[in-house]
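Here the structure comes first, spelled out in structure tokens, and everything after it is commentary.
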Amino acid sequence: METMVDGAKLAPTQAEIDEESRRIRRLRILVYLTLDTIAEGGLSPEEAAGMVAATRRVALQMFPGKERAFDLIYKPKFQRVMHAVYRLQ
């Protein structure tokens, strides 16, 4: 969220930094709530996969264009939990 002036990038404002920090915190909470819900084992594998997909959609709404970052950071965590709970590959 850098500000552009005459083609030159300026450092983000404190308000932009604070807003991004809030979005990161919300995403972290969402991911961990989803992981905890799946880890409880009360969902079918299809329901759990749907929750993962919904979490990814919300993350990409919060951080457009960051598909690769989500897949690198969070996808392995979801895969580990899904494998542990449902014995999936």
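What you see below is based on every heavy atom in this structure, not just the backbone, and it leaves out hydrogens, waters and symmetry mates.
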Checklist entry - What is the distance from atom NE2 of His83 to atom CD of Gln79, rounded to the nearest 0.5 Å? => result 11.0 Å
Checklist entry - Which atom names give the shortest non-hydrogen contact between Ala49 and Met82, and what distance separates them? => result N-CE, 4.0 Å
Next on the checklist: Taking the cut-offs as 6.0 angstrom to the six-membered ring centre and 45 degrees off its axis, would you call Arg23 and Phe63 a cation-pi pair?
Outcome noted: yes
Item to check | Among Leu30, Thr34, Val31, side-chain contact (heavy atoms from CB on, under 4.5 Å) partner for Val58 | outcome: Leu30
Checklist entry - Distance from Asp18 atom CG to Gln14 atom CD, nearest 0.5 Å? => result 4.5 Å
Next on the checklist: Between Thr55 and Phe78, does the side-chain contact (heavy atoms from CB on, under 4.5 Å) criterion hold? Intermediate values first, please.
Outcome noted: CA-CA 10 Å; Thr55 300; Phe78 286 117; 4.0 Å; yes
Item to check | Gap separating the CZ atom of Phe70 from the CE atom of Met62, nearest 0.5 angstrom | outcome: 11.0 Å
Checklist entry - Does one hydrophobic cluster hold both Ile24 and Ile73, with members joined at side-chain heavy-atom distances below 4.5 Å? => result yes
Checklist entry - Are Val81 and Leu33 co-members of a hydrophobic cluster defined by side-chain heavy atoms under 4.5 Å apart? => result no
Checklist entry - Can you name the nearest heavy-atom pair linking Tyr86 to Ser44, along with the distance? => result OH-O, 3.7 Å
Item to check | Nearest-0.5 Å distance that lies between atom CD in Glu47 and atom OG1 in Thr37 | outcome: 11.5 Å
Next on the checklist: Quick check: is Leu60 connected to Leu27 through a chain of hydrophobic side chains (ILVMFWY, heavy atoms under 4.5 Å apart)?
Outcome noted: no
Item to check | Over all atoms of both residues, closest heavy-atom pair of Glu67 and Gly65 | outcome: OE1-C, 3.2 Å
